[in-house]
Amino acid sequence: MKKVIVKCRVRSAERFKKRLNGVELKFSPVYWQHDRVFVPRGYKGRSNFPRLIMRTEMHEVGDAPVYLLSLRRHIEDSGIDIIEDTKITDYEGMVDIILQLGFKQVGEVSRRREELKISPKTMLYLDTLDTDDSTFAKIELVLDDKVSPEAAKSDLISTLRSFGETNIIESTYFEL
């Protein structure tokens with residue numbers, strides 16, 4: 001799936017949510033995510049290299065966790081992110097496969113996430129990182145042939161700015 005993603009550091013999560021509530025948009029309940037990030041040998045940030053992410057999600061305390069393998073690849077010259085997710089039943093077995101393919105673990109990120117579906121192709125996430133309680137708004141748009149990546153990115157930045165947020169972040173969470 002091809003997406004354009006824009007992320008910003010939020011000055012105040014509560015103020016950000018109030019602005020969205022003002023236009024009658026409400027976030028989902030908070031759930032927890034933990035990512036283990038793997039990269040291939042010779043990986044360089046902001047390049048076309050893939051990253052593999054083993055994700056654990058917990059939505060409710062009594063529920064079983066959900067495990068996902070996510071392929072993420074940022075195509076720098078086009079501004080497009082390629083993202084493919086699949087559910088995994090054998091977490092440790094999948095990690096062993098990733099390591100056997102020559103990937104190495106470079107980071108872990110835990111966060112509390114709330115999500116908001118803005119349109120059928122647009123999602124907004126509010127992520128609070130467990131390491132330092134920093135909060136980020138991340139907006140993702142699934143691309144189609146009708147919109148250029150540049151126009152989509154400009155629109156997403158404008159959307160975040162309309163809610164008073166201007167601190168755009170290009171780095172992934174594990175790079176921060």
Side-chain angles (χ1 to χ4, degrees), residues 1-33 35 37 39 43-53 55 57 59 66 68-87 107 109-176:
M1 177 178 317
K2 294 179 182 177
K3 292 184 179 183
V4 172
I5 301 170
V6 175
K7 177 175 33 197
C8 70
R9 188 179 303 265
V10 176
R11 288 176 286 186
S12 166
E14 290 309 312
R15 187 173 55 211
F16 187 77
K17 284 188 208 179
K18 282 181 183 176
R19 288 185 176 157
L20 286 167
N21 287 340
V23 291
E24 300 184 15
L25 296 173
K26 296 198 186 295
F27 282 94
S28 71
V30 175
Y31 61 97
W32 180 79
Q33 287 184 330
D35 291 348
V37 182
V39 298
Y43 176 82
K44 294 180 181 128
R46 307 304 302 163
S47 64
N48 295 336
F49 283 89
R51 293 184 322 274
L52 293 175
I53 299 170
R55 176 169 289 167
E57 289 186 357
H59 289 267
V66 174
L68 301 166
L69 172 64
S70 182
L71 166 78
R72 296 190 173 251
R73 187 169 176 213
H74 179 76
I75 310 300
E76 186 66 29
D77 60 350
S78 69
I80 294 173
D81 286 275
I82 297 172
I83 300 171
E84 298 294 340
D85 295 319
T86 190
K87 284 188 179 182
V109 177
S110 291
R111 66 182 154 271
R112 289 158 279 146
R113 172 170 273 187
E114 298 170 77
E115 59 186 50
L116 172 67
K117 188 173 189 172
I118 295 175
S119 75
K121 293 185 176 189
T122 309
M123 289 295 293
L124 176 64
Y125 302 100
L126 196 59
D127 293 333
T128 302
L129 302 186
D130 288 349
T131 52
D132 61 3
D133 281 336
S134 295
T135 301
F136 297 85
K138 179 175 165 182
I139 190 166
E140 299 181 350
L141 172 69
V142 176
L143 279 180
D144 57 28
D145 295 334
K146 300 173 189 170
V147 179
S148 74
E150 297 83 14
K153 185 173 184 175
S154 178
D155 286 347
L156 296 179
I157 290 171
S158 294
T159 299
L160 289 172
R161 287 188 175 146
S162 72
F163 292 110
E165 300 302 333
T166 59
N167 190 1
I168 304 300
I169 305 292
E170 296 288 330
S171 302
T172 64
Y173 290 140
F174 88 89
E175 293 170 327
L176 293 175

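Just the heavy atoms: all of them, side chains too, but no hydrogens, waters or symmetry mates, feed the values below. These numbers come from a predicted model, not from an experiment. Along the sequence shown, residues carry numbers from 1.
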Self-check item: L68/T86 under side chain to side chain contact (heavy atoms under 4.5 Å, CB included): CA gap, chis, key distance, verdict
Solution: CA-CA 6 Å; L68 301 166; T86 190; over 6 Å; no

Exercise. Evaluate the side chain to side chain contact (heavy atoms under 4.5 Å, CB included) criterion for residues E165 and F16: first the C-alpha distance (whole Å), next the side-chain angles of each, then the deciding distance (0.1 Å), finally the verdict.
Key: CA-CA 8 Å; E165 300 302 333; F16 187 77; 3.7 Å; yes

Practice problem: Show your reasoning for whether side-chain hydrogen bond (donor to acceptor under 3.5 Å, both in side chains) applies to T128 and R111. | Solution: CA-CA 5 Å; T128 302; R111 66 182 154 271; over 6 Å; no

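A salt bridge does not link E84 to K3: none of the charged side-chain nitrogens sits closer than 4.0 Å to a carboxylate oxygen. The pair K138-E140 counts as a salt bridge, with a side-chain nitrogen and a carboxylate oxygen less than 4.0 angstrom apart. Salt bridge status for K7 with E170: absent, with no side-chain N to carboxylate O gap under 4.0 Å. Contact check on D85 versus R55 returns no salt bridge, with no Lys/Arg side-chain nitrogen under 4.0 Å from an Asp/Glu carboxylate oxygen. A salt bridge does not link R72 to D81: none of the charged side-chain nitrogens sits closer than 4.0 Å to a carboxylate oxygen. R112 and D133 are joined by a salt bridge, as a carboxylate oxygen and a charged side-chain nitrogen come within less than 4.0 angstrom of each other.
Residues passing the ring-ring contact (aromatic ring centres under 6.0 Å, His included) test with F27: none are found, sequence neighbours excluded. Taking the ring-ring contact (aromatic ring centres under 6.0 Å, His included) definition, one finds that Y31 meets it with H59, sequence neighbours left out.
Nearest heavy-atom pair, S110 versus W32, reported as atom, atom and distance to 0.1 Å: OG-CZ2, 3.8 Å. Listed here is the closest heavy atom pair of V10 and A137: CG2-N, 3.4 Å. Here the shortest heavy-atom pairing between A152 and V4 reads CB-CG2, 4.1 Å.
Between the side chain of D144 and the backbone N or O of K146 there is at least one donor-acceptor pair closer than 3.5 Å. In this structure a side-chain-to-backbone donor-acceptor pair under 3.5 Å is present from S28 to E115. In terms of modelled atom types and a separation under 3.5 Å, the side chain of S162 and the main chain of T159 share a donor-acceptor contact.
One distance of note links OG of S70 with CD1 of I83; it measures 6.5 Å at 0.5 Å rounding.
Between R9 and S134 there is a side-chain heavy-atom pair separated by less than 4.5 Å. Counting heavy atoms from C-beta on, the side chains of M123 and I118 never come closer than 4.5 Å. L69 is not listed as a side-chain neighbour of I53, based on a closest heavy-atom distance of 4.5 Å or more.
The aromatic ring centroids of Y125 and F136 lie 6.0 Å or more from each other.
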